[in-house]
Enquirer: 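Pasting a structure here, questions to come.
Because only heavy atoms are used, hydrogens play no part in the values below, and waters and symmetry mates are left out as well, while side chains stay in. Chain A is the first sequence line, chain B the second, and so forth, proteins listed ahead of strands; every chain is numbered from 1.
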Number of protein chains: 2
Amino acid sequence: MYSIGDIASIMGISTSAIRFYDKQGLLPFVERDSGGRRKFKKQDLNFIEVIDCLKKSGVPVKDIGHFVHMCMQGDGTLRARYDYLDEEEQTLMNHIDEMQHQLDFLRYKKWYYKTSVEAGTESIHFAPQTNMVDPGTKAEYQAELEHCTNIRKLIDLEQSEEA
Amino acid sequence: MYSIGDIASIMGISTSAIRFYDKQGLLPFVERDSGGRRKFKKQDLNFIEVIDCLKKSGVPVKDIGHFVHMCMQGDGTLRARYDYLDEEEQTLMNHIDEMQHQLDFLRYKKWYYKTSVEAGTESIHFAPQTNMVDPGTKAEYQAELEHCTNIRKLIDLEQSEEA
DNA sequence: TGTTGACTTAAACACTAGTTTAAGTAGTAG
DNA sequence: CTACTACTTAAACTAGTGTTTAAGTCAACA
């Protein structure tokens, strides 16, 4: 048996967050002791694990509530629960893909600034006689990235040594 | 030159969102025409691209504002801008890692429900004489995952055919 | 010469995801 | 017996991220 405080430290969140989740219907399975305090059972940790995963995956509280609600209905909702997780898997894969694209762009920008810092000015990347970034800059980066075995060498700036 | 509406469709967001960003200090570089309307220049698209990337990476509007503010200060902030993107790269990599962990767990749960659906009941995963998931269930999944070349075969349920 | 559509602002509103506050209960330690 | 700690509730509050509304401006088109 676990108190709300135990669960809070297991999940690494505050007790008020747990009470909030309860109010939103995420914890219909928790029982109470004689004094009205929440008592989490061993098997409740399975729910906690799933809720934690969905939360960390960016699923809104309301949606997690729907899933938990289905769990409480018994074997009749097994297929629906599977289908829900299937959709969630796709959503999460798309999200990871998106993050990877942003990471790629961020690394281009790191290269842009690394080379600017080394040159002492951003203007090395500007088209002649303008304040605009040369349209060929990104292609230049991608070409360097092609025949580069370690992206760190390309985009990481050495720490300037502390005197 | 682009109007606010042009930029909105380029970024795939609403014009009110752009005005909101402007008010939060993300767009100090936009100029206005004689009528007071925002006029985005070609070179502003470089900013838009970075803002869009940071937004999609989950960076709070306020932080993006700080970065843009540094950009307006000229070459003196090049190193600070690099350092900022360096931190952001680390944050984003950690985030992707975290998402990947959640994806792994989600797939375990898909397997759990796939096998339950096939058996017609979740109780196949319960420890004998209890309503608790058997503590060895996850290890069982991981063992199957080990000698499995295609995770789809392990966790995807065939579509039940429409009559 | 309207009137239409895209723009402008400030201010109010909405939604999510909690946190904080105030008032109270219950068990334990000294 | 008192103090302390962890818990309880309802309700108010906050932060972040926009959207909506109301009132107005401006350029172009029939």
Enquirer: For A:Q24 and C:dC15, give me the distance from atom CD to atom P, rounded to whole Å.
Expert: 13 Å
Enquirer: How many Å lie between NZ on B:K39 and P on C:dA6, as a whole number?
Expert: 13 Å
Enquirer: To the nearest angstrom, how far is A:I51 atom CD1 from C:dA17 atom C1'?
Expert: 15 Å
Enquirer: Please state whether the phosphate of C:dG24, meaning OP1 or OP2, lies under 4.0 angstrom from any side-chain nitrogen or oxygen of A:R37.
Expert: no
Enquirer: For A:I7 and D:dT8, give me the distance from atom CD1 to atom P, rounded to whole Å.
Expert: 12 Å
Enquirer: Is B:R38 near enough to C:dT8 that one of its side-chain N or O atoms lies under 4.0 angstrom from OP1 or OP2?
Expert: yes
Enquirer: Taking only the side-chain heavy atoms of B:Y21 (C-beta and beyond), determine which of D:dG18, C:dT9, C:dG18 contains the nearest atom.
Expert: D:dG18
Enquirer: Ignoring hydrogens and geometry, is there a side-chain-to-backbone donor-acceptor pair from B:D156 to B:K153 under 3.5 Å?
Expert: no
Enquirer: Both A:S3 and B:S34 contact DNA chain D. Taking the nearest nucleotide for each, which residue is further toward the 5' end?
Expert: A:S3
Enquirer: Would you tell me if any nitrogen or oxygen in the side chain of A:S14 comes within less than 4.0 Å of OP1 or OP2 on C:dT19?
Expert: yes
Enquirer: On DNA chain C, check which nucleotide each of A:A17 and B:K23 is closest to and give me the residue with the more 5' one.
Expert: B:K23
Enquirer: Is there a salt bridge (charged side-chain N to carboxylate O under 4.0 Å, His left out) between B:E31 and B:R38 once you walk through the steps?
Expert: CA-CA 6 Å; B:E31 294 178 0; B:R38 291 171 185 83; over 6 Å; no
Enquirer: Which protein N or O atoms sit under 3.5 Å from an N or O of nucleotides 14-16 of chain D?
Expert:
{"from": "D:dG16", "atom 1": "OP1", "to": "B:K62", "atom 2": "NZ", "distance (Å)": "3.4"}

Enquirer: OP1, OP2 of D:dT8 versus side-chain N and O of A:R19: anything below 4.0 Å?
Expert: yes
Enquirer: Taking the six-membered ring for Trp, are B:Y108 and B:Y141 parallel (under 30°), tilted (30 to 60°) or perpendicular (over 60°)?
Expert: tilted
Enquirer: Any idea which of D:dT8, C:dT19, D:dT17 is nearest the B:F20 side chain?
Expert: D:dT17
Enquirer: Does B:K109 make a cation-pi contact with B:Y112, if we ask for NZ or CZ under 6.0 Å from the ring centre and within 45° of the axis?
Expert: yes
Enquirer: Walk me through whether B:E89 and A:R152 qualify under salt bridge (charged side-chain N to carboxylate O under 4.0 Å, His left out).
Expert: CA-CA 12 Å; B:E89 184 198 13; A:R152 292 297 142 207; 2.8 Å; yes
Enquirer: Looking at A:T77 and A:A80, would you say the former's side chain and the latter's main chain have a donor-acceptor pair under 3.5 Å?
Expert: no
Enquirer: Whether the side chain of B:Q73 engages the backbone of B:H69 through a donor-acceptor N/O pair (distance < 3.5 Å, no angle test) should be reported.
Expert: yes
Enquirer: Please state how far atom CG in A:L26 lies from atom P in C:dG18, giving the value in whole angstrom units.
Expert: 10 Å
Enquirer: Measure from CD1 on B:I18 to P on D:dT19 and round the result to the nearest Å.
Expert: 10 Å
Enquirer: Which one, D:dT19, D:dA27, D:dC7, comes nearest to the side chain of A:I4?
Expert: D:dC7
Enquirer: Rounding to a whole Å, what distance do you find between B:L27:CG and C:dT9:P?
Expert: 12 Å
Enquirer: Take atom CG of B:D22 and atom P of C:dT9, then tell me their distance rounded to the nearest Å.
Expert: 7 Å
